[in-house]
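Within every chain, numbering begins at 1; the chains are lettered A, B, ... in the order of the sequence lines, protein sequences first and strands thereafter.
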2 protein chains.
Amino acid sequence: MTEPKRRGPRQAEAERNDRALLRAARQVLADDGAHATVAAIAAAAGVGIGSLYRRYRTKEELFQRLAELSLDSWNQAAERGLAEDDPWEGLASFIVACVEFGQGSLAPIAGTIKVTKEMQAKSDHSDELLAALVARAHEARVLRPDVTVVDISLLIEQFGRSPALDQLRKQGREDLLEAAADAHRRVLAIAVDGLRACHPRPLPGGPPTDRLFTERWTHETG
Amino acid sequence: MTEPKRRGPRQAEAERNDRALLRAARQVLADDGAHATVAAIAAAAGVGIGSLYRRYRTKEELFQRLAELSLDSWNQAAERGLAEDDPWEGLASFIVACVEFGQGSLAPIAGTIKVTKEMQAKSDHSDELLAALVARAHEARVLRPDVTVVDISLLIEQFGRSPALDQLRKQGREDLLEAAADAHRRVLAIAVDGLRACHPRPLPGGPPTDRLFTERWTHETG
DNA sequence: ATACAACCGGAGTAATTCGCTCCGCAAGTT
DNA sequence: AACTTGCGGAGCGAATTACTCCGGTTGTAT
């Protein structure tokens, strides 16, 4: 067993709280961007501030953990995509999955995340997976030929947050949240269709540099 | 003459400053979202805070003016689009123009804007113009049939800000700004191509309500 | 030159906000 | 009942914010 022993009587509650905190952090980050507060995160999780700081020594440590989990989710989505038979469906479902679990909520805090060696390894792996998804779609001639992995990554990031959904949530208009989420998925579907190989005109500008991604995170030397 | 007399010796500088302030406000809003500070706006305009407050009594008054000007830009872009002969190019160039001048920078402060009667009239007009653009594209069978005006509006809003560009600007990476802007235009071109009538599969979900737009602004009774 | 008017810049202020600590209390276990 | 473990949130110091106020600067008139 990996964790053979419960160390305290209220360990189960602690684990539930931890999951709730991570869920809430993603949510609040999506809503409020870079200036999400710990009070808001704790409140959204239905947990006291004290409980947050017992598990994470600082706000940054929580965000760090969130970034790591997001990388895992990204990789799982990519592997599910590769497992699909149809190359197009594999790529499209990967994109939708990444947008769905809120990959884009990390963008506002990307500059504050320290990339550990472990995360770097996961990131390299995710690059390979995405490259494989794109290569397979190219070979099947279902993806327009001048689309690169950077284009896909930027598309996912672009749809990671929904301005309309953010504002409605901040205004407490619960009645429109569902409609806004549906509409967001609709617009994403439009954009994904724009990736199909049925468009004769080449895309404007040259292929984008991957420096747009590699140089936006601060790396650890140790 | 509408403005026959200069009232003071430094009037020209004052007008330059006003234009710089509005430009800077759009920029900073795009970068920092809802918590853009007056100090940042004044600094970006190369102007003292005092000069900002001589022209606008409060921060909100500046944002209000910005919203009004944005509506004008929107309408001008729509009229240029209608003036084009090709229905598709008209619609596409309208979308690109709206994204380009930073229409989306207003999304984070949409909830704080008071819509005056004058603005309401301009807004109604813009609705008609966009409806005309979409109807013309539908009649020419160049726009996929289940796309609505709300879809177009949401698409414009979605691309109004670029997460990558925002972060790079905040990090001061001037060397990558151009590349990021190019990449952003590329991804937008992909999404716009997704609107073309060459995609057989219908979009997911029903047509979105326009309540997603009408109910997000606070209206004035007077 | 001198006096004056118009406008500029930004240090200072009061109020708010934020990350984080600390401690009294409740829930299990024995 | 005694004890252990984890919970919640009031409160603190530091940082940030919108806005005011006034000494300085620029351009015009005499």
**Q** Name all pairs fulfilling the side-chain hydrogen bond (donor to acceptor under 3.5 Å, both in side chains) condition that reach into residues 40-54 of chain A, sequence neighbours left out, sorted by first residue then second.
**A**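 Of all non-adjacent pairs touching residues 40-54 of chain A, none passes side-chain hydrogen bond (donor to acceptor under 3.5 Å, both in side chains).
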**Q** Side chain of A:Tyr53 only, please: which of D:dG8, C:dG19, D:dT20 is the nearest?
**A**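 Of the options given, the side chain of A:Tyr53 lies nearest C:dG19.
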**Q** Would you list the pairs meeting ring pair (Phe, Tyr, Trp, His ring centres under 6.0 Å) in which at least one residue belongs to residues 56-76 of chain A, sequence neighbours left out?
**A**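 The answer is A:Trp74-A:Phe94.
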**Q** Calculate the interatomic distance between B:Ile49 atom CD1 and D:dT16 atom P; express it in whole Å.
**A**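 Between P of D:dT16 and CD1 of B:Ile49: 14 Å.
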**Q** Please list, by residue number, the residues of residues 23-46 of chain B whose heavy atoms come closer than 4.0 Å to an atom of DNA chain D; answer none if no residue qualifies.
**A** B:Ala36, B:Thr37, B:Val38
**Q** Among all residues two or more places apart in sequence or in another chain, which pass the side-chain contact (heavy atoms from CB on, under 4.5 Å) test with A:Thr58?
**A** A:Glu60, A:Glu61
**Q** Choose from C:dC20, D:dA18, C:dC8 the nucleotide whose nearest atom is closest to any side-chain atom of B:Asn17.
**A**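 Closest of the options to the side chain of B:Asn17: C:dC8.
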**Q** Report the residues that fulfil side chain to side chain donor-acceptor pair (under 3.5 Å) with B:Ser126, sequence neighbours left out, ordered by chain and then residue number.
**A** none
**Q** So, OP1 or OP2 of C:dT21: does either fall under 4.0 Å of a side-chain N or O from A:Arg57?
**A**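 It does not, given that no N or O in the side chain of A:Arg57 lies less than 4.0 Å from OP1 or OP2 of C:dT21.
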**Q** So which protein nitrogen or oxygen atoms get under 3.5 Å of nucleotides 22-24 of chain D's nitrogens or oxygens?
**A**
none

**Q** From the list D:dC7, D:dG9, C:dC8, which nucleotide is the closest neighbour of the side chain of B:Glu13?
**A**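 In terms of side-chain proximity for B:Glu13, the closest of D:dC7, D:dG9, C:dC8 is C:dC8.
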**Q** Does A:Arg55 pair with A:Glu15 as a salt bridge, N-O distance under 4.0 Å?
**A** no
**Q** Distance check needed: D:dA18 P versus B:Tyr56 OH, whole Å only.
**A** 17 Å
**Q** Please collect all salt bridge (Lys or Arg N to Asp or Glu O under 4.0 Å) contacts where either partner lies in residues 62-71 of chain A, sequence neighbours excluded, each pair once.
**A**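 Only A:Glu68-A:Lys122 qualify under salt bridge (Lys or Arg N to Asp or Glu O under 4.0 Å).
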**Q** Among the nucleotides D:dG8, D:dT20, C:dG19, which one has an atom lying closest to any side-chain atom of A:Lys59?
**A** C:dG19
**Q** Going by the rule side-chain contact (heavy atoms from CB on, under 4.5 Å), which residues pair with B:His125 if we only count those two or more places apart in sequence or in a different chain?
**A** B:Asn75, B:Glu79, B:Glu128, B:Leu129
**Q** For residues 29-47 of chain B, which side-chain donor-acceptor pairs fall under 3.5 Å, sequence neighbours excluded?
**A**
residue, atom, partner, partner atom, Å
B:Asp31, OD1, B:Arg169, NE, 2.7
B:Asp31, OD1, B:Arg169, NH2, 3.0
B:Asp31, OD2, B:Arg169, NE, 3.3
B:His35, ND1, B:Asp32, O, 2.8
B:Thr37, OG1, B:Ala40, N, 3.1

